[in-house]
Amino acid sequence: MSIKNIRLEVMQFLEKNVDSFVDQFLIPVEKIWQPSDFLPNSESDTFLDEVKELREIAKDLPYDFWVALVGDTITEEALPTYESWLMEVEGVDNQERNGWSKWIRQWTGEENRHGDLLNKYLYLSGRVNMREVEVTTQHLINDGFDIGTGTDPYKNFVYTSFQELATYVSHNRVSQIAKNFGDKKLSKMCKMIAGDEMRHHHAYSEFVNQIFKVDPSEMMLAFQYMMKQKIVMPAHFLRESGQKISSAFEQFSDSAQRIGVYTASDYVEIMQKLIDKWEIDKIGGLTDEAEKARDYLMKLPSRMAKISERLVIPSESYIFKWVEPARL
């Protein structure tokens, strides 16, 4: 039997438990928070006063913070790309509306609230050029992405396990920084988004854990493959208006590193957390090739940590069209 067919069989085997995954890791629509719970109420007579207060507090937040927040928002707003990508994964059947496609639609429904909330906050803050933000978002959706997984569910679940934890770190740090600058409302917004991301991380990492139980060698090789080629962020094709090929993502990453929202050491820590979570050192029944992959994975974090220590982040901020210093 081909590797592709085995993966399909494993996905069909795990699909029997999708309803329990939904119940365990997702929250019913009627019970989960919505963006309007955290924003000024447009139906209230105090709406303009609330907006004025929001704008006043936002004035104290520094340039790199705004770049990181805008980049996070654009990443969340490119959700159509992520849903359409996952719908193409082997074992996900949207036409028959199987269990996996149900999971992805409901996961998408939760994720959709993140971009809605952050976008509205940015609009009300008066601190950013919203048209430029919107142009970048549309470019990112138009350009799509290539995360190196193809339609392989094993590789895709490694990616989402990593990426959901990375977005948790990013949103949680933004929350902490906002709180330090006295913006308690923005801090709470980002904290709630971070909580969703952590739940989603637990879900996707559990999918990987279940696959390790039934197809350990191939799952190990998929994990090694993704760590070897490195996890690219969903917004790696980020570009501003008037740009074709852009280094905008690198410049956004520099801002995030300078202010401590997401750093190279965070990348290494996430890798180590996945190795520990899946107990890579304890998995048995591996082929010789998978054993070599395990050895590679176990040594990788220390190697990557040494590389990250040598990284030099530019001290000068790139000036994005989204965030003009004169507006701050």
Side-chain angles (χ1 to χ4, degrees), residues 1-18 21 25 78-108 111 143-167 200-237 267 270-271 273-275 277-280 283 285-297 300:
M1 187 180 288
S2 70
I3 289 174
K4 185 175 179 179
N5 286 339
I6 291 171
R7 278 163 164 63
L8 185 57
E9 277 198 1
V10 169
M11 286 291 282
Q12 290 168 344
F13 172 73
L14 294 180
E15 186 195 345
K16 299 168 189 173
N17 298 319
V18 164
F21 296 149
F25 297 112
L79 183 61
T81 299
Y82 319 144
E83 181 182 30
S84 61
W85 184 278
L86 286 169
M87 281 296 188
E88 295 296 319
V89 169
E90 288 291 328
V92 179
D93 191 337
N94 194 34
Q95 291 184 334
E96 296 296 326
R97 297 176 76 86
N98 73 350
W100 284 117
S101 66
K102 174 184 176 180
W103 166 268
I104 292 167
R105 289 194 305 275
Q106 294 196 29
W107 167 83
T108 301
E111 287 282 338
D143 294 341
F145 68 1
D146 183 3
I147 54 176
T149 59
T151 60
D152 183 339
Y154 295 12
K155 293 173 184 174
N156 272 284
F157 288 161
V158 169
Y159 181 86
T160 46
S161 297
F162 191 106
Q163 183 55 38
E164 294 284 17
L165 191 49
T167 50
H200 298 162
H201 157 69
H202 286 316
Y204 285 109
S205 58
E206 178 58 22
F207 300 163
V208 172
N209 192 47
Q210 292 297 323
I211 295 170
F212 265 124
K213 291 178 181 178
V214 293
D215 195 7
S217 292
E218 286 300 319
M219 188 64 249
M220 189 71 73
L221 291 170
F223 187 20
Q224 180 202 32
Y225 177 90
M226 293 305 296
M227 294 301 98
K228 255 189 175 179
Q229 73 158 13
K230 297 183 184 174
I231 299 290
V232 295
M233 295 299 112
H236 62 287
F237 289 157
Y267 184 99
I270 290 170
M271 189 190 307
K273 284 180 180 177
L274 293 179
I275 289 169
K277 192 179 187 79
W278 294 326
E279 298 185 322
I280 295 301
I283 292 173
L286 298 175
T287 62
D288 290 345
E289 187 182 10
E291 284 284 7
K292 290 177 183 176
R294 187 224 304 269
D295 291 342
Y296 173 87
L297 288 164
L300 188 58

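We number each residue from 1, following the sequence as shown.
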[atom1] of [X] to [atom2] of [Y]: how many Å apart, nearest 0.5 Å?
X	Y	atom1	atom2	value
Ile231	Thr160	CD1	OG1	9.0 Å
Phe157	Met11	CZ	CE	4.0 Å
His202	Ser161	NE2	OG	11.0 Å
Leu274	Asn209	CG	CG	11.5 Å

Exercise. With Phe21, which residues qualify under ring pair (Phe, Tyr, Trp, His ring centres under 6.0 Å), at least two apart?
Worked result: Phe207

Scan the side chains in residues 210-220 for donor-acceptor partners under 3.5 Å anywhere in the protein, sequence neighbours excluded, and list what turns up.
residue : atom : partner : partner atom : Å
Gln210  : NE2  : Glu206  : OE2          : 2.5
Asp215  : OD2  : Tyr154  : OH           : 2.7
Ser217  : OG   : Thr287  : N            : 2.9
Glu218  : OE1  : Arg7    : NH1          : 3.3

Which residues share a side-chain contact (heavy atoms from CB on, under 4.5 Å) with [X], sequence neighbours left out:
X	value
His200	Leu26, Trp107, Glu110, Glu111, Glu164, Asp196, Glu197
Lys273	Leu165
Glu15	Val18, Asn98, Trp100
Lys16	Phe13

Mind listing the closest non-hydrogen atom pair of [X] and [Y] along with its distance?
X	Y	answer
Lys155	Ala222	CG-CB, 4.0 Å
Trp278	Ser205	NE1-O, 2.9 Å
Val92	Ile104	CG1-CD1, 3.6 Å
Pro234	Phe145	O-CD2, 3.6 Å

Exercise. Should we count CD of Glu291 as having more than 12 external heavy atoms under 6.0 Å?
Worked result: yes

If the condition is side chain to side chain donor-acceptor pair (under 3.5 Å), which residues does [X] pass it with, not counting sequence neighbours?
X	answer
Asp143	Arg239
Lys292	none
Tyr204	Trp103
Lys102	Asp19

For this session: I would like to know whether Thr108 and Arg105 meet side-chain contact (heavy atoms from CB on, under 4.5 Å); could you show each step before the answer?
Result: CA-CA 5 Å; Thr108 301; Arg105 289 194 305 275; 5.6 Å; no

Exercise. Do any N or O atoms from the side chain of Arg294 and from the backbone of Ile283 form a donor-acceptor pair under 3.5 angstrom?
Worked result: yes

For this session: Give a yes or no on whether the backbone of Ile147 and the side-chain of Gln229 come within a donor-acceptor separation of less than 3.5 Å.
Result: yes

What I'd like to find out is whether the side chain of [X] reaches to under 4.5 Å of the side chain of [Y], using heavy atoms alone.
X	Y	value
Met226	Phe162	no
Met227	Val158	yes
Val208	Phe223	no

Exercise. Which pairs with one or both residues in residues 84-93 pass salt bridge (charged side-chain N to carboxylate O under 4.0 Å, His left out), sequence neighbours excluded?
Worked result: Lys4-Glu90

What pairs of donor and acceptor atoms, side-chain ones from residues 80-87 against any protein atom, are under 3.5 angstrom apart with sequence neighbours left out?
residue : atom : partner : partner atom : Å
Tyr82   : OH   : Thr75   : O            : 2.6
Ser84   : OG   : Pro80   : O            : 3.1
Ser84   : OG   : Thr81   : O            : 3.0
Trp85   : NE1  : Thr149  : OG1          : 3.2
Trp85   : NE1  : Asn156  : OD1          : 3.0

